[in-house]
> 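Provided herewith is a single structure, encoded as structure tokens, for subsequent inquiry.
Only a predicted model underlies this, so the values are computations on that prediction, with no experimental measurement involved. What's counted below: heavy atoms across the whole structure, side chains too, no hydrogens, waters or symmetry copies. Quick note: residue numbers are just sequence positions, from 1.
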Amino acid sequence: MNRRVAFPFLTLSEAAVEASAWEISLDGVEWSASGEFLPHWDSATDIRVRRTIRLNFDQAASDLGIPVDQLAFAASVRIGTGQGRLPRLILSRTHRDLRPGDTSWEFDQTIEGRRLSMILDLQTEFLLANAPTEASALSPDHPGDRLWSETIRVRLEGEEPRFPIETVDLAQMLGGGIAGAAPWHLHWSPGDWTRDFHGAVRLYLNAKSSETLQRIEDEDPATIQFLLGDVMSQICERFLADPEAETMMDAAEPGSLGAQAATWLRKAWPGKDASFIRSVLEGRPGVFRSTMLALAEPGVPE
């Protein structure tokens, strides 16, 4: 799985799942392994993706504490697109039932180039299809329980801001105090706006906030919006407090912390300069925060 989240039930180990690397073809001409960036793509070019996934039912039975003859899974592939940590648009969801004797799936799909934007998001999951009649106390027992998940994101154009995310005990990390009870903590230092965005920001999720962790793992839209809204507000507010904000709005190096703050501010207030946006922050801080929160909503146009 991509994220280290403590589930309330047993899940599939990596030994139970055999998943080939995603392969990508432009207009069906030549196949290549997917990477972080797909060169030579434009909106007139369709993308074809494929992979093979297999499930070792004996290993799965051992992992989940469920007899093999009672195992039934639903494999799922979700394809999305759009810039951001979550896909702005879900293009398709495809499911395939897997049972003993039918344990593999050769997935192959073509995506129209005109429907794609910035990022190609490919998520593969295994879900429990049926509730078992025999199982251990920790076995999954609800149809739809997520047992394994993998997500890859392929950049098609431009630059996507990304930062590391870790799960930690915030009370221990922050040395006590009420901050240790927060659901997350953004670790960063304002001032050096020329730093690479990826290296300047790190988000820590509180390991003791199990409900919040589960919502993030489930990609709950409201939770993701609140989290990203907090990140964007923190960075943009400190950016505007810098005396050089007006200059940096136009001159920040692409990929830097300052450039990302400027990008968010331009999207929130198109056509306005740093001086105007600062006046909103200082005179109407509630409007400023509400604007940033709205900007963080999954589905907001880029």
> Are Val201 and Met173 connected in the hydrophobic side-chain network, where two residues link if heavy atoms are under 4.5 Å apart?
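Hydrophobic grouping puts Val201 apart from Met173.
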
> Judged by atom type as modelled, is there a donor-acceptor pair below 3.5 Å linking the side chain of Gln70 to the main-chain atoms of Thr133?
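Yes, the answer is positive, given that a donor and an acceptor are paired below the 3.5 Å cut-off.
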
> Measure the shortest side-chain to side-chain distance between Leu38 and Leu120 over non-hydrogen atoms and say whether it is less than 4.5 angstrom.
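They are not in side-chain contact.
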
> Quick check: closest heavy atoms across Gln59 and Asn56, and the distance to 0.1 Å?
N-OD1, 3.0 Å

> Could you check whether any side-chain N or O of Asp63 sits under 3.5 Å from a backbone N or O of Ser13, counting only pairs where one atom can act as donor and the other as acceptor?
yes

> Would you find more than 12 non-hydrogen atoms of other residues, nucleotides or ligands less than 6.0 Å from Glu106 atom CD?
no

> Can a donor-acceptor pair be found, under 3.5 Å and without considering hydrogens, that links the side chain of Asp27 to the backbone of Val29?
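Not at all, since once roles are kept as given, no pair shorter than 3.5 Å links the two residues.
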
> Please report the closest heavy-atom contact between Leu89 and Arg115, naming both atoms and the distance.
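Minimum heavy-atom separation between Leu89 and Arg115: CD2-O, 4.5 Å.
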
> Stepwise, does the side chain to side chain contact (heavy atoms under 4.5 Å, CB included) test hold for Asp230 with Trp184?
CA-CA 10 Å; Asp230 180 39; Trp184 58 74; 2.9 Å; yes

> Any donor and acceptor pair, going by atom type alone, linking the side chain of Ser279 with main-chain N or O of Phe276 inside 3.5 Å?
yes

> I want to check something: taking the side chain as every heavy atom from C-beta on, are Val49 and Ile111 in contact at a cut-off of under 4.5 Å?
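A side-chain contact exists here, since the closest heavy-atom pair is under 4.5 Å.
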
> First locate atom OG1 of Thr11, then atom CG of Asp145, and finally report the distance between them rounded to the nearest 0.5 Å.
11.0 Å

> If I take atom CD1 from residue Ile224 and atom CD from residue Glu297, how far apart are they, to the nearest 0.5 angstrom?
13.0 Å

> Does any donor atom in the side chain of Glu14 or Trp148 lie under 3.5 Å from an acceptor atom in the other side chain?
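Per modelled atom types, Glu14 and Trp148 side chains form a pair under 3.5 Å.
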
> Report, as yes or no, whether the 6.0 Å neighbourhood of atom CZ on Arg96 holds more than 12 heavy atoms from other residues, nucleotides or ligands.
yes

> Is the CZ atom of Phe107 crowded by more than 12 outside heavy atoms at less than 6.0 Å?
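Yes, CZ of Phe107 has more than 12 neighbouring heavy atoms, counting only those of other groups under 6.0 Å.
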
> Does the side chain of Leu174 reach to within under 4.5 Å of the side chain of Tyr204, using non-hydrogen atoms?
no

> Give a yes-or-no answer on whether the side chains of Gln234 and Trp188 include a donor-acceptor pair shorter than 3.5 Å.
yes

> Any heavy-atom pair between the side chains of Leu10 and Ser136 that's under 4.5 Å?
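The answer is yes; the side chains approach within 4.5 Å.
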
> Under 3.5 Å, side chain of Ser139 to main-chain N/O of Leu64, donor-acceptor pair present?
yes

> I would like to know whether Val77 and Trp22 meet side chain to side chain contact (heavy atoms under 4.5 Å, CB included); could you show each step before the answer?
CA-CA 12 Å; Val77 172; Trp22 279 103; 3.9 Å; yes

> Does Leu128 share a hydrophobic cluster with Leu138, counting links as ILVMFWY side-chain heavy atoms below 4.5 Å and allowing steps through other members?
yes

> Do Thr81 side-chain atoms and Ser117 backbone N/O form a donor-acceptor pair below 3.5 Å?
yes

> Are the charged groups of Glu246 and Arg278 less than 4.0 angstrom apart, N to O?
yes

> Is there a path from Ile66 to Val68 through hydrophobic residues (I, L, V, M, F, W, Y) whose side chains come within less than 4.5 Å of each other?
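Per the 4.5 Å side-chain linkage, Ile66 and Val68 are co-clustered.
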
> Please name the pair of heavy atoms, one in Leu127 and one in Glu125, separated by the smallest distance, quoted to 0.1 Å.
CD2-OE1, 3.8 Å

> Could you label the plane-to-plane angle of the Trp269 and Phe288 rings as parallel, tilted or perpendicular, counting under 30° as parallel and over 60° as perpendicular?
parallel

> Determine whether the side chains of Thr45 and Asp42 contain a donor N or O and an acceptor N or O closer than 3.5 Å.
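The criterion, which ignores hydrogens and geometry beyond distance, is satisfied for Asp42 and Thr45.
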
> Using side-chain heavy atoms (C-beta onward) and a distance below 4.5 Å, is Trp41 in contact with Arg155?
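Answer no - side chains too far apart.
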
> Is the shortest side-chain heavy-atom distance between Thr94 and Ile79 below 4.5 Å?
no

> Indicate if Leu122 and Trp31 have the same hydrophobic cluster label, given that clusters are the connected sets of ILVMFWY residues with side-chain heavy-atom separations under 4.5 angstrom.
no

> Could you give me the CA-CA distance, side-chain angles and deciding distance for Leu116 and Leu91, then say whether side chain to side chain contact (heavy atoms under 4.5 Å, CB included) is met?
CA-CA 9 Å; Leu116 293 165; Leu91 300 176; 3.7 Å; yes

> If you take all heavy atoms of Ala129 and Ala74, which pair is closest and at what distance?
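Answer, listing the atom of Ala129 first, then Ala74: CB-N, 4.0 Å.
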
> Do Thr194 and Leu257 have side chains that approach each other closer than 4.5 Å (heavy atoms only, starting at C-beta)?
no

> Using the ring of each side chain (for Trp, its six-membered ring), is His185 parallel, tilted or perpendicular to His187, with breaks at 30° and 60°?
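Taking His187 first and then His185, their aromatic rings sit tilted (interplane angle of 30° to 60°).
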
> Ignoring hydrogens and angles, tell me if any N or O in the side chain of Arg51 forms a donor-acceptor pair with the backbone of Ala21 under 3.5 Å.
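Side chain of Arg51 to backbone of Ala21: no pair is present.
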
> Once you round to the nearest 0.5 Å, how far does CD1 of Ile24 lie from CZ of Arg48?
12.5 Å

> Is there a donor-acceptor pair closer than 3.5 Å between any side-chain N or O of Glu253 and the backbone N or O of Ala259?
no

> Do the side chains of Leu170 and Leu213 join up, straight or via other hydrophobic residues, at under 4.5 Å, putting them in one cluster?
no

> Got a second to check how far Ser34's OG is from Glu23's CD, nearest 0.5 Å?
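Ser34 OG to Glu23 CD: 8.5 Å, rounded to 0.5 Å.
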
> For Ala274 versus Leu240, what's the shortest heavy-atom pair and its separation?
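Minimum heavy-atom contact is O-CD2, 3.8 Å.
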
> Begin from the C-alpha positions of Glu244 and Trp193 and carry the test side chain to side chain contact (heavy atoms under 4.5 Å, CB included) through to its verdict.
CA-CA 10 Å; Glu244 301 298 322; Trp193 300 103; over 6 Å; no

> Counting C-beta onward and ignoring hydrogens, is there a side-chain heavy-atom pair between Asp218 and Arg146 closer than 4.5 Å?
yes

> Please report the closest heavy-atom contact between Thr291 and Ala268, naming both atoms and the distance.
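Taking every non-hydrogen atom into account, CG2-CB, 3.7 Å.
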
> Got a donor-acceptor contact below 3.5 angstrom from the Asp46 side chain to the Gly113 backbone?
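Looks like yes, one N/O pair under 3.5 Å.
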
> I'd like to know if the side chain of Asn206 and the backbone of Ala182 have a donor-acceptor N/O pair within less than 3.5 Å.
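Side chain of Asn206 to backbone of Ala182: a pair is present.
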
> Could you state the interatomic distance from CH2 (Trp105) to NE2 (His95), rounded to the nearest 0.5 Å?
8.0 Å

> Hey, could you give me the CZ/OG1 distance between Phe197 and Thr263, rounded to the nearest 0.5 Å?
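Rounded to the nearest 0.5 Å, the CZ-OG1 separation comes out at 10.0 Å.
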
> Look at the aromatic rings of Phe126 and Phe73 and report parallel, tilted or perpendicular, splitting at 30° and 60°.
perpendicular

